[in-house]
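Read the numbers this way: they start at 1 and go in the same order the structure lists the ligands and their atoms.
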Amino acid sequence: MLQSVNVGHKSLADYATIATRGLMDEILRLAEPLAGKRVVHLSATAFGGGVAEINYTLIPLMQSAGLDTEWRIIHGQDEFFNVTKTIHNALQGNPQGLTPEQIEIFERYQALNAKEIDPNEYDYMIVHDPQPVGMIDHFAGSTAKWIWRGHIDFSTPNWDVFNVLLPSIKRYDAVIFHMHEYVPKTDGLPECYIWPPAIDPLAPKNMALSAEDAAYIVDQFGIDVERPMLTQVSRFDPWKDPLGVIDAYRIVKESYPDVQLALVGSMAHDDPEGWDFYNQTVDYAAGDPDIYILSNLNNVGSVEVNAFQVHSAAVLQKSIREGFGLTVSEALWKSRPTVAGNVGGIVTQIQDGQTGWLVDSSAECAEACLEILADPGMARDRARAGKEYVRRHFLTPRLLRDWLVLFNRLIGNETDAEIDTVAAAR
Ligand code: UDP
């Protein structure tokens, strides 16, 4: 059997004070006909990155809504994760393709993992991202509804690589993308659903933390809490552009010599490139004592990430590509001035000039930080507007609602709930 993840317990009722009454009522209505349905989520890792972050909340809330939901992790060795990393990069547009050996490795692990699960035990099989996408090939005739959830930007994929996955994707009953722009422009996709992910306002990562508590935690990492700090929280990945963040910080430092930079990044086990890039980032920082490069290896967990975000003068997410960028909603939810790359899903979260800053270069990123440091009142107003936007669009109850709408539709239950779709192009 594939390893099951213990997600703990959450109660939908606890979210009633944060979500609107209308939304909570709709969730209960949608969940009623789904009581007892068996759902499994399949993904590559239970640790690090957006999928894990979402599942730790979504799954207990599906359980609380009455669905019998579990989360299982596929098996993989480095040889597999090296291939899936190449696939991930290629799907976001990297020209490097797959060798026949790599395709063989990918397919071998799909078969291996397929042996470890029986879809007849479930009503819904939810497959996250490309790593397990091909398991479905081994279950012709399965009665479960299969849903593939793509979490990255597929708008300009390397088609050679996408076409390796396409025959598997075509077998699904539905696929989900964050944005319309991400639906790959190709024939034969199943019905596509469009909805963004969400953050959990009650999780340790996002729960209310006082400025004093945040400073107390950040102080333990050696940060001088009396001096301004910029923070980026993200995996060590070229698409997140930590080197560009360091460039921006260096420009800011010319005007604010006091400024400090925290780069907080977890190391996911399905990301073998992470270590190389971590080392590159450390080299690029060139021993600057005001740059703090921290990770889960320094015991930076959810509460610490929360504290770093809360304590920051500005939170950065200077991505060059970004599927969604949960860290942006996380920062806005904490009313922090947020400066982020003008790309991908970030654009749905920030209205430039109103709820945050969208930037196209390190120079623009630095300029935004300088504005924030020069006029904290203006920056706070923008950040507060950002928090309200997140409240309406990017909190978990809305995400749960979208899933429940889809589950109902796939088994033919009529509901009057609206959902954004792109019709199947068979
Ligand atoms: N994250 C974390 N610790 C880290 C780095 C990232 O907890 O050191 C979390 C971050 O707070 C966010 C998620 O991992 O919740 C990253 O999701 P995002 O959508 O921003 O990026 P992805 O990693 O999925 O590309």
Side-chain angles (χ1 to χ4, degrees), residues 43-58 84-85 87-89 91-92 128-131 149-154 177-179 182 196-207 209 217-218 221 231-242 245 262-271 273-275 277-278 281 292-310 312 315-334 336 338-341 343-350 390 394-396 399:
S43 77
T45 175
F47 185 75
V51 176
E53 188 69 25
I54 294 161
N55 279 357
Y56 275 109
T57 295
L58 179 64
T84 60
K85 189 72 193 187
I87 293 176
H88 175 98
N89 289 338
L91 293 175
Q92 300 217 104
H128 291 273
D129 270 344
Q131 299 93 332
R149 196 348 164 185
H151 290 265
I152 58 177
D153 176 351
F154 297 88
F177 297 99
H178 293 330
M179 298 168 70
Y182 289 3
I199 61 163
D200 179 357
L202 301 183
K205 168 87 49 81
N206 298 310
M207 68 189 187
L209 201 61
I217 292 173
V218 165
F221 290 88
T231 299
Q232 174 158 299
V233 176
S234 64
R235 291 179 293 108
F236 288 99
D237 177 323
W239 304 108
K240 309 283 186 183
D241 199 19
V245 170
L263 293 170
V264 177
S266 65
M267 309 301 294
H269 90 280
D270 67 337
D271 185 7
E273 253 178 37
W275 283 112
F277 202 64
Y278 172 86
T281 310
Y292 294 81
I293 301 180
L294 303 168
S295 75
N296 46 308
L297 302 177
N298 304 94
N299 269 335
V300 181
S302 296
V303 174
E304 288 78 10
V305 167
N306 189 341
F308 271 91
Q309 289 169 330
V310 166
S312 296
V315 175
L316 314 184
Q317 188 55 61
K318 209 206 130 325
S319 304
I320 296 165
R321 283 260 177 177
E322 189 61 78
F324 181 71
L326 290 170
T327 51
V328 172
S329 276
E330 288 166 6
L332 292 173
W333 179 245
K334 297 170 181 101
R336 297 326 299 153
T338 304
V339 180
V343 293
I346 290 173
V347 176
T348 61
Q349 299 176 72
I350 291 185
V390 170
F394 304 120
L395 299 184
T396 319
L399 179 63

Distance from [atom] to nearest protein heavy atom, with residue and atom:
atom: atom 6 (C) of ligand 1; result: Val233 CG1, 3.6 Å
atom: atom 12 (C) of ligand 1; result: Glu330 OE2, 3.3 Å
atom: atom 5 (C) of ligand 1; result: Ser266 N, 3.4 Å
atom: atom 9 (C) of ligand 1; result: Lys205 NZ, 3.5 Å
atom: atom 23 (O) of ligand 1; result: Arg235 NE, 2.7 Å
atom: atom 22 (P) of ligand 1; result: Lys240 NZ, 3.4 Å

Heavy-atom closest pair, residues [X] and [Y]:
X: Asp237; Y: Pro242; value: O-CD, 3.5 Å
X: Ile217; Y: Glu304; value: CG2-CG, 3.9 Å
X: Gly345; Y: Thr348; value: O-OG1, 2.6 Å
X: His128; Y: Ser43; value: CB-CB, 3.9 Å
X: Ser234; Y: Lys240; value: OG-CB, 3.5 Å

Report yes or no: does [X] have a heavy atom closer than 4.0 Å to ligand 1?
X: Gly265; result: yes
X: Val305; result: yes
X: Val264; result: yes

- [ ] Output the list of atoms in ligand 1 that are nearer than 4.0 Å to some heavy atom of Glu53, sorted by atom number.
- [x]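 Atoms satisfying the 4.0 Å criterion: 15 (O).
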Open item on the list: So if I count the atoms of ligand 1 from 1 in the order they appear, which ones are less than 4.0 Å from some heavy atom of Gly325?
Closed with: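 The atoms of ligand 1 under 4.0 Å from a heavy atom of Gly325 are 19 (O), 20 (O).
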- [ ] Answer yes or no: does an N/O atom from Gly50 fall short of 3.5 Å to an N/O atom of ligand 1?
- [x]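 In this structure, Gly50 places an N or O atom under 3.5 Å from an N or O of ligand 1.
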Open item on the list: Looking at Ile152, is its backbone amide N or carbonyl O close enough to the side chain of His178 to form a donor-acceptor pair, meaning the two atoms are under 3.5 Å apart?
Closed with: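 Judged by distance alone, no pair lies under 3.5 Å.
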Task: Whether Asn206 side chain and Asp200 backbone form a donor-acceptor pair below 3.5 Å - done: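 It does hold such a pair.
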- [ ] Report the distance from atom CZ of Phe394 to atom CG of Leu332, rounding to the nearest 0.5 Å.
- [x]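 With rounding to 0.5 Å, CZ (Phe394) is 9.0 Å from CG (Leu332).
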TODO: May I ask you to identify, for Leu326, whether its side chain, its backbone, both or neither come under 4.0 Å of ligand 1 on a heavy-atom basis?
DONE: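 For Leu326, backbone and side-chain atoms both sit under 4.0 Å from ligand 1.
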Open item on the list: I need the contact type for Gln317 against ligand 1. Using non-hydrogen atoms and a strict under-4.0 Å cut-off, is it side chain, backbone, both or neither?
Closed with: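 Gln317 to ligand 1: no contact under 4.0 Å from either part.
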- [ ] Can you spot which of Gln317, Arg336, Gln309 makes a side-chain hydrogen bond (donor to acceptor under 3.5 Å, both in side chains) with Glu330?
- [x]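 It is Gln309; the other options fail the test.
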